[in-house]
Amino acid sequence: METGFGEIRRKVGAGERLSFEEGVFLMNTPDILSVGELANIVRRRKNQNRAYYIVNSHINHTNICVNKCRFCAFQREAGEEGSYTMALDEVMREAEKGYAPGISEFHVVGGLHPDMPYSYYRDMVARLHQVYPQVHLQAFTAVEIDYLSRISGMGLREVLEDLKGVGLGSLPGGGAEIFAERTRKRICPDKISGDRWLEVMEVAHGIGLRSNATMLYGHIESVEERVGHLMRLRELQDKTGGFMAFIPLAFHPLNTDLEDRQFTSGQLDIRMLAVSRLMLDNFDHIKAFWIMISPAISQLSLFFGADDIDGTVVEEKITNAAGAQSGKSLTVPQLEDMIREAGMEPLRRDTLYNVITTGRAGHPGLAAKTA
Ligand code: V47
């Protein structure tokens, strides 16, 4: 049977799963409004009229990394100008800078440092948890967890259990890039394979640590590779149910080895979110990370399948190094206005999507909007 909107529309209405070919069709069709209409049906079915945001703060403890990913503008070598590594006291100062009552998450990711011992990462989690026991620690991508296993000589499960024991709450979704080996080898030859990334997540989910998942798009990947990536995530989610949200990450080319590439278009950003919503029928949430695609496109994407615009953030270094123009933080009133203006109910959530209704004072991200 030829793939077309008729059958896809029927399947979406009946809550049936879309095939790889249908995913490719949705990525290619010029009828972006129909793609959005279908994604909006699924979004509404899963999240009704609600759209989420979080009050969080990002900590990027080092930009020194043994991997040299061609899409990364953040990475430096040890000793190179602009390289930095925060001592644990500096990490704590950075946390203090981003903290105030009402914050519910620290999002911690960094490079694979050649010399820092496992105890540095363990102590980071332990100290953050000790000082901020009420703040959820979403820390270390699957790539970092694999690295911690290698430098410590401990197994994946052992590392994850150890970190969970001292306060790790969940894993962020970074490092997934694109699973297809052909392209992965070209954009990040030193990075763990897609199979290994999925294996780390499977082990994490197996011990009760939930996580997010991402895909980096808009570089040199094909449409088929994008859809294949979504299919592999869907497969693992069927097995574990451990993923919370999927976040498509728009490639930013500035200061990278792929600087000849264009920034992604609004059309692609919105389509990527919509197709993700339609293909990932077993994911509860699709997140439009405003830092990557701008607050304006994030708001529009609420009509194209997204139900989450991420958070106050305060300062994010990875995309900013690669030319993001969105700024570094938004206030709660700004996030809520964006959602309300789209006709939806803004809900402040914690990392695990519990709704938070109290704790407004103090944080720069919580400050009342000046008229
Ligand atoms: O893994 C690196 C990506 C990721 C560039 O889990 C780039 O909720 C675009 O994963 N252009 C880190 N992207 C950020 C990340 C993330 C962000 C927000 C929320 C969550 C979550 C996770 O950023 C990296 C890589 O895929 N990245 N360089 C770039 N030039």
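On a predicted model such as this, the values are computed, not experimentally measured, just so you know. Note that ligands are numbered from 1 as they come in the structure, with each ligand's atoms numbered from 1 the same way.
- Between the choices His252, His107, Glu105, Gln138, the shortest heavy-atom distance to atom 11 (N) of ligand 1 belongs to His252.
- In this structure, the protein non-hydrogen atom closest to atom 1 (O) of ligand 1 is Gly175 N, 2.8 Å.
- Close approach of ligand 1 to Gly174 (heavy-atom distance below 4.0 Å) involves ligand atoms 1 (O), 10 (O).
- Between Arg17 and Asp281 there is a salt bridge, with a side-chain nitrogen of the basic residue lying less than 4.0 Å from a carboxylate oxygen of the acidic one.
- When only modelled atom types and interatomic distance are considered, Asn67 and Tyr147 share no side-chain donor-acceptor pair under 3.5 Å.
- Between Val109 and ligand 1 there is no heavy-atom distance shorter than 4.0 Å.
- For atom 18 (C) of ligand 1, the nearest non-hydrogen atom of the protein is Phe289 CE2, 3.4 Å.
- Taking the six-membered ring where the residue is Trp, His61 and Tyr121 present perpendicular rings, their angle passing 60° and hence far from 30°.
- Scanning the protein heavy atoms around atom 4 (C) of ligand 1, the nearest turns out to be Leu249 CD1, 3.7 Å.
- Relative ring orientation between His58 and His107 is described as parallel, the plane-to-plane angle staying below 30° on a 0-90° scale split at 30° and 60°.
- Those atoms of ligand 1 with a heavy atom of Leu216 less than 4.0 angstrom away are 7 (C), 9 (C), 13 (N).
- If you run side chain to side chain contact (heavy atoms under 4.5 Å, CB included) between Pro172 and each of Asn212, Thr214, Val109, only Val109 comes through.
- Arg196 has a carboxylate O that lies under 4.0 Å from a charged side-chain N of Glu199, or vice versa, which qualifies the two as a salt bridge.
- Distance from atom 8 (O) of ligand 1 to its nearest protein heavy atom, with residue and atom name: Lys287 NZ, 2.7 Å.
- Between Phe251 and Phe71, the distance from one ring center to the other does not fall under 6.0 angstrom.
- Polar contact check, Asp310 against ligand 1: no nitrogen or oxygen pair lies under 3.5 Å apart.
- Neither side chain, Ser83 nor Glu80, offers a donor N or O lying under 3.5 Å from an acceptor on the other.
- Here the heavy atom of the protein found nearest to atom 12 (C) of ligand 1 is Ile318 CD1, 4.0 Å.
- With hydrogens left out, the protein atom closest to atom 6 (O) of ligand 1 is Gly173 N, 2.8 Å, a heavy atom.
- Listed by atom number, the atoms of ligand 1 under 4.0 Å from Ile247 heavy atoms are 6 (O), 8 (O), 20 (C), 21 (C).
- Proximity of Ala250 to ligand 1, defined as any heavy-atom pair under 4.0 Å, is confined to the backbone N, CA, C and O atoms.
- Residues Glu225 and Thr183 bring a donor and an acceptor atom of their side chains to less than 3.5 Å of each other.
- A salt bridge does not link Arg348 to Glu336: none of the charged side-chain nitrogens sits closer than 4.0 Å to a carboxylate oxygen.
- The protein non-hydrogen atom at the shortest distance from atom 26 (O) of ligand 1 is Glu177 OE1, 2.5 Å.
- Atoms of ligand 1 lying under 4.0 Å from any heavy atom of Pro172, numbered from 1 in the order shown and given with element: 6 (O).
- One option in Tyr217, Phe246, Phe263, Phe71 has a heavy atom closer to atom 29 (C) of ligand 1 than any other, and that option is Phe71.
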